[in-house]
Number of protein chains: 2
Amino acid sequence: MEEIKTIMIGATLKELRKELNISQEEISGRTGLDRTFISMLERDIRQPTITTIFLLAEALKLKPFELVKKVEEKYKGYEIKRDTY
Amino acid sequence: MEEIKTIMIGATLKELRKELNISQEEISGRTGLDRTFISMLERDIRQPTITTIFLLAEALKLKPFELVKKVEEKYKGYEIKRDTY
DNA sequence: ATGTAGACTAAAGTCGACC
DNA sequence: GGGTCGACTTTAGTCTACA
């Protein structure tokens, strides 16, 4: 069982956005979140909170749980193990 | 359509924990998150990030998307509308 | 076993500018 | 259109302590 420390949602977000053929600026407009922040989310430099996940899902035309499910599918066979700090 | 500003996961977390008959301290132990932080999450004083959601789901013996789905069901007919700050 | 409070550190999220 | 940098404010998350 491989260990990971943080959930990476970036690739999933980018894929879904590309499927819709829209820009980061469009996501920014739809969510009310800053454009540079969307960029950082896609590059896994930032992590969304649950409210942000709900906003992103709405912008990407799917349900929050579906978005999470897509992220989840990338982590089959991995165990999350945080750094306790 | 009612407007809300933040997603409240607290009640869902507490219900699931009660169903398992375990303490906040047990959740703290299973997730590696601070006990006082679990308390704040249940009282909606704090918001989890996606990594925290995955950890909580594991501790509560369900899949992350199932946890999110349960939260989602409490928001039928609501629209999220953040304060842009 | 839980809520709360205070003080703290790390990370979420904004904004303006430039490439 | 998107990456990045710096400076900023707010919040996630820790920890000790007490009711």
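Side chains are part of it too, since the values below use all heavy atoms of this structure and drop only hydrogens, waters and symmetry mates. We name chains A, B, ... by the order of the sequence lines, and we start the count at 1 in each one.
Contact annotation: the side chain of B/F37 approaches that of B/R46 to within less than 4.5 Å [non-hydrogen atoms, C-beta and beyond]. Side-chain contact between B/E19 and B/L60 is absent, with no heavy-atom pair separated by less than 4.5 Å. A heavy-atom distance below 4.5 Å is not found between the side chains of B/V68 and A/I53.
Panel note: side chain A/T31, backbone A/I27; a donor-acceptor pair is recorded below 3.5 Å. Using a distance-only test at 3.5 Å, with no hydrogens or angles considered, a donor-acceptor pair links the side chain of B/E66 to the main chain of B/K63. B/E72 contributes a side-chain N or O that, together with a main-chain N or O of A/F65, makes up a donor-acceptor pair within less than 3.5 Å. Remark: the backbone N or O of B/P48 is not paired with any side-chain donor or acceptor of A/T49 at under 3.5 angstrom.
Positionally, the nearest nucleotide of DNA chain C for B/K18 lies more toward the 5' end than for the other of B/K18 and A/L33.
By the side-chain hydrogen bond (donor to acceptor under 3.5 Å, both in side chains) test, B/T51 pairs with A/Q47, sequence neighbours left out. Take A/K18 and apply the salt bridge (Lys or Arg N to Asp or Glu O under 4.0 Å) test, not counting sequence neighbours, and it matches no residue.
Rounded to 10°, the angle separating the first-five-pair axis and the last-five-pair axis of the helix from C/dT2-D/dA19 to C/dC19-D/dG2 equals 50°.
Here D/dC8 presents its C1' atom at 12 Å from CG of A/D34, a figure rounded to the nearest Å. Note: CZ (A/F37) to C1' (D/dG2) measures 16 Å, nearest angstrom. Atom C1' of nucleotide C/dG13 and atom CD1 of A/I27 are separated by 17 Å, given to the nearest angstrom. B/K5 places its NZ atom 12 Å from the P atom of D/dT11, with the value rounded to the nearest Å. Taking atom CZ on A/R35 and atom P on C/dC18, their separation rounds to 14 Å, with Å as the unit. Atom P of nucleotide C/dT14 and atom CD of A/Q24 are separated by 14 Å, given to the nearest angstrom. Between the CZ atom of B/F54 and the P atom of D/dA12 there is a distance of 19 Å, rounded to whole Å.
Distances shown here put every side-chain N or O of B/R82 at or beyond 4.0 Å from the OP1 or OP2 atom of D/dT10.
Taking only distance into account, the side chain of B/T36 meets the base of D/dC15 through a donor-acceptor pair shorter than 3.5 Å.
Residues from residues 9-17 of chain A placing a heavy atom under 4.0 Å of any atom in DNA chain D, listed by number, are A/K14, A/R17. Across residues 38-53 of chain B, B/I45, B/R46, B/Q47, B/P48, B/T49, B/T52 each have a non-hydrogen atom less than 4.0 Å from an atom of DNA chain D (numbered order).
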Which donor-acceptor pairs under 3.5 Å do the side chains of residues 6-17 of chain B make with protein atoms, sequence neighbours left out?
residue, atom, partner, partner atom, Å
B/E15, OE1, B/K74, NZ, 3.4
B/E15, OE2, B/K74, NZ, 2.7
B/R17, NE, B/E42, OE2, 2.6
B/R17, NH1, B/I22, O, 3.0
B/R17, NH2, B/E42, OE1, 3.0

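Salt-bridge check for A/E26 with A/R30: passed, with a basic side-chain N closer than 4.0 Å to an acidic carboxylate O.
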